Trainee: 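One structure, pasted below without further comment.
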Amino acid sequence: MNDPSPAPPIERIPFTCTLDCGSRCELVACVREGRVLRVDTPADRPDTVTRPRLIPCARGRAQRRLLDIPERVKYPLRRTGPRGTGQFEVIEWDEALDTVASHLNEMRTAYGSESVLHAVGAGSITGRGFHGASAARRFFSYWGPVSEASGNESNHCAEMAAQWMLGGVVPGSDRATLLDARLIILWAMNPAETHMGPNTEYYITLARDRGARVILIDPRYTDSGILADEWIPIRPGTDAALVAALGYVMETEGLVDDFVHTHATGYEAYRRYLMGEADGVRKTPEWAQPITGVPAGTIRDLALAYATVKPAALLPGWGAQRTRFGEQIARAFITLACMSGNIGVRGGGLASVGTRSGEMGAPHLPIGPHHPSRQLSPGNWAASILDACLKPPLRMAHIVASNLINRSPDATRNAVALEALDFVVVNDQYLTPTARYADIVLPICTDLERSDLVASWGHDAHLFYSRSAIAPAGESRTDYWVFAQLAQRLGFGDAYTQGRTETEWIDQLLDSPCLERMTLENMGIMRSDGEPRVALAEFRAAPAAHPLPTRSGRIEVVSPEAEMYGLPPIPSYVADSAPMDRTYPLQLVTPHSKLRSNSCAYANPWLQQLEPHTIWINPRDATPRGIVQDAQVEVHSKRGAVIIPAKVTERIMPGVVCIYQGTWYRLAEDGQDHGGCANTLTDQVESPSGGYATHSVWVDVRRRDE
Ligand code: SF4
């Protein structure tokens, strides 16, 4: 018998996962004869404490499965049935593009360019040139001033707090500095699932191995609980009260660090608040216990630990500030770090929101002369359509890389709003709930099918050259190609492309003097590593010589800017006035899942099999309701109802339930969402300065009798 002929060689092509997950990883597509056999990691990377590998998670590795799922859009589609039903026919690219171009023209002529709602999201993100948001913004910057649905759903309140107190966003210390910490407090921080910068979990593990104590403060025992020595459950939205009680103990025990006097202003007003000199209420642990659900003894112990064990890293996640008064919580975190004196020291920590991706200096594609004339927050774009409060009113939407129905609060209202428009275009890789409401769906390439320069996430300052590994599925194209074609039809094709193809643009970007072209081409990544950076170290060492960009040059505990939004000038606790009535007695939290990034990658069957989508409910809440493990339940809020199986678990505190956000909205004939989309239950009410309040939701859970 003859030997079989040798298999064709496997090509290893570096590419980057661009999910907006809180990390950024290196991957390699193993390709044979135009097919991705598997997704791997680069084989030859050094892995040291100061230069750890950027190791992908299941979402990145499972991308191969997404190439050919039934939900993949491979050809231009035109709607043939009612919006939302998913009835489409395949049409030619020319017909699709001509239709979109003529509607854009008609809208501008009849109502003005502002009548077009342009919405972008994180569906295909962080390229320098050709991903959804960059390509689309560049297009509309030449076409005319549109209305844009954009905003910061992730950390708006934390950003406001940083602006008010620090004079701007400040990336936290490099994660490697955690190795020097003796105490790490993960306060609503869940790096096991949301990373918050690559390798955060890895460094916490190493720090614990070296003797650091790790405390988790969260309504849930998250997957990050495995990193922790202790779990302190806390009621959502009450974190500023816990901070106040910790501060009270530190103040009364004489443990407030001098840093708050030498490097901050306005502390005296906060001290008076703690001591009850302003309102007659001392913020004792006993005061905080019924508010937060944290026992007074636990509060006292935590305060003593945080004030005396040094260095101590306070690492807040962003879930806590996505609440009705999230600004107060984010401000309280910075104040507490000041009181403990752990700012600017290696192993300490500061609540941070900034990223360092811009430090590589990689250029973006240039932007044209027009800017959006109206900015609509992700929370109120639907209201703007339904209330017809804008002049001119919104008539058309061009949605790019955004599952807009799913990602904004009150999903049913969002769907109704899209239904009310004259014309909807969606650029996407998959037939998402939002794409199902489109008149035209334009099929877009995935990470494995396109090339781009991709920036890092979090505390890293890296740049990736992500390479196309296989040909685009069907007739899918990049967003850049789509908008170049539309620009051509609308008369500004040359201005948009400047005569360059995507390959030529990348070639030009790679020639930028700040980039190491050879390194990027050979390795797929350009890294900025080195001695771990300590945030605000220079400011700590010499505040006069290195002042912050605030009025005083110091950290400002009192914020007149907050008062402009009706908030107290100091970071005091403000109770959510939403009444806890008998109809909706449980608080709902809607955190990010490790199985997807918002709603991206949700449709991957491999990931869906890893963990069922459930509502977490404590046995003390489940038992009186007759709810047992895996039982189907109805979850009701003022906004809607979802059907979902129950996970009865002690991993969530009594009085609080949890549904991971990001599963796709699927409204059934019974008027209930059988997709379990968390935003079917959330409300469009925002924090005073405009932050999402998706963890300030009240619900009830009922057993569903089949
Ligand atoms: S989802 Fe995030 S952590 Fe996972 S591979 Fe992609 S970038 Fe890395």
Side-chain angles (χ1 to χ4, degrees), residues 100-123 125 129 131-153 156 159-160 163 364-402 404-405 407-409 413-414 417-427 434 437-440 442 479-480 482-484 486-496 564-565 684 686 689-692:
V100 175
S102 75
H103 274 84
L104 283 169
N105 257 340
E106 284 167 21
M107 289 295 159
R108 186 166 58 183
T109 304
Y111 310 107
S113 58
E114 297 93 331
S115 65
V116 174
L117 173 68
H118 169 225
V120 292
I125 190 176
H131 77 288
S134 287
R137 284 212 174 98
R138 179 169 160 73
F139 172 84
F140 286 111
S141 75
Y142 285 100
W143 183 72
V146 288
S147 300
E148 186 173 281
S150 63
N152 181 354
E153 300 98 323
H156 172 92
E159 274 206 9
M160 297 306 274
Q163 297 283 358
H364 287 268
L365 290 192
I367 288 290
H370 300 295
H371 298 284
S373 61
R374 299 189 296 213
Q375 296 278 0
L376 308 178
S377 90
N380 71 15
W381 64 268
S384 300
I385 294 172
L386 294 172
D387 301 346
C389 53
L390 299 177
K391 301 227 174 327
L394 297 168
R395 310 295 295 245
M396 170 177 170
H398 195 147
I399 301 166
V400 179
S402 175
L404 198 58
I405 287 178
R407 70 186 271 235
S408 310
R413 184 174 161 111
N414 299 335
L418 283 193
E419 220 168 340
L421 291 174
D422 295 345
F423 195 70
V424 178
V425 188
V426 169
N427 291 24
T434 302
Y437 280 76
D439 295 279
I440 297 285
L442 303 176
D479 287 298
Y480 177 83
V482 168
F483 284 110
L486 286 174
Q488 199 66 41
R489 283 164 170 77
L490 292 164
F492 57 93
D494 290 346
Y496 186 80
M564 288 163 51
Y565 290 102
Q684 294 183 348
E686 297 177 336
S689 71
Y692 264 28

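Sequential numbering from 1 along the given sequence is applied to the chain's residues. This structure is a prediction, so every number in the text was calculated from the model and none was measured.
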Trainee: Using a 3.5 Å distance criterion without hydrogens, assess whether the side chain of Arg138 forms a donor-acceptor pair with backbone atoms of Gly368.
Mentor: no

Trainee: Taking the six-membered ring for Trp, are Tyr480 and Tyr496 closer than 6.0 Å centroid to centroid?
Mentor: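 Yes - the distance between ring centres of Tyr480 and Tyr496 falls below the 6.0 Å cut-off.
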
Trainee: Begin with the C-alpha distance, continue with both residues' side-chain angles, and end with the deciding distance and a verdict on side-chain contact (heavy atoms from CB on, under 4.5 Å) for Leu418 and Ile399.
Mentor: CA-CA 11 Å; Leu418 283 193; Ile399 301 166; 4.1 Å; yes

Trainee: Which residues pass the side chain to side chain donor-acceptor pair (under 3.5 Å) test with Asp422, sequence neighbours left out?
Mentor: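 Asp422 satisfies side chain to side chain donor-acceptor pair (under 3.5 Å) with Arg395 only.
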
Trainee: Looking at side-chain heavy atoms only, is the closest gap between Ile440 and Phe423 below 4.5 Å?
Mentor: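 The answer is yes; the side chains approach within 4.5 Å.
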
Trainee: Do you know which two heavy atoms are closest between Ala101 and Leu486, and how far apart they sit?
Mentor: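 Heavy-atom minimum between the residues: N-CD2, 3.9 Å.
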
Trainee: To check you understand the geometry: which heavy-atom pair defines the closest contact between Leu376 and Ser384, and what is its length?
Mentor: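 Distance-wise, the nearest heavy atoms are CD2-OG, 3.9 Å.
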
Trainee: Whether the side chain of Thr434 engages the backbone of Ile405 through a donor-acceptor N/O pair (distance < 3.5 Å, no angle test) should be reported.
Mentor: yes

Trainee: Taking all heavy atoms of Ser113 and all of Gly144, pick out the closest pair and write down the distance.
Mentor: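 Looking at all heavy atoms of both residues, the shortest contact is OG-C, 4.0 Å.
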
Trainee: His398 side chain to Val100 main-chain N or O, any donor-acceptor pair under 3.5 Å?
Mentor: no

Trainee: May I ask you to decide if Glu114's main-chain N or O and Arg374's side chain share a donor-acceptor pair within less than 3.5 Å?
Mentor: yes

Trainee: Working to the nearest 0.5 Å, report the span between CG of Leu490 and CZ of Phe139.
Mentor: 5.0 Å

Trainee: Once rounded to the nearest 0.5 Å, what's the spacing between atom CD of Glu686 and atom CG of Asn380?
Mentor: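 Those atoms lie 5.5 Å apart.
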
Trainee: What's the spacing between Ser147 OG and Leu394 CG if we round to 0.5 Å?
Mentor: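 Between Ser147 OG and Leu394 CG, I get 5.0 Å after rounding to 0.5 Å.
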
Trainee: Quick one: closest heavy-atom pair of Pro372 and Glu148, and the distance?
Mentor: CG-OE1, 3.6 Å

Trainee: Can you measure from CD (Glu106) to CE (Met396) and round to the nearest 0.5 angstrom?
Mentor: 9.5 Å

Trainee: Taking Arg108 for its side chain and Trp143 for its backbone only, find out whether a donor-acceptor pair lies under 3.5 Å.
Mentor: yes

Trainee: Return the OG to NZ distance between Ser115 and Lys391, rounded to the nearest 0.5 Å.
Mentor: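 So the OG of Ser115 and the NZ of Lys391 are separated by 13.5 Å.
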
Trainee: Looking at Ala401, is its backbone amide N or carbonyl O close enough to the side chain of Asn427 to form a donor-acceptor pair, meaning the two atoms are under 3.5 Å apart?
Mentor: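 No; judged by distance alone, with no hydrogens or angles, the pair does not exist.
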
Trainee: Testing the basics here: between Pro409 and Gln684, what is the closest heavy-atom pair and its distance to 0.1 Å?
Mentor: O-NE2, 3.3 Å

Trainee: Would you sort out whether Tyr437 and Glu419 count as a side-chain contact (heavy atoms from CB on, under 4.5 Å), showing the intermediate values?
Mentor: CA-CA 7 Å; Tyr437 280 76; Glu419 220 168 340; 4.1 Å; yes

Trainee: Atom CG in Leu365, atom CZ in Arg137: separation rounded to 0.5 Å?
Mentor: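 Here the interatomic distance stands at 13.0 Å.
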
Trainee: Within the distance-only criterion (no hydrogens, no angle test), does the side chain of Asn414 pair as donor or acceptor with the backbone N or O of Ser408 below 3.5 angstrom?
Mentor: yes

Trainee: How would you list, by chain and number, every residue that makes a ring-ring contact (aromatic ring centres under 6.0 Å, His included) with His118, sequence neighbours excluded?
Mentor: Phe140

Trainee: Looking only at non-hydrogen atoms, find the nearest pair between Ala417 and Trp381 and report the distance.
Mentor: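 Heavy atoms of Ala417 and Trp381 come nearest at CB-CZ3, 4.0 Å.
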
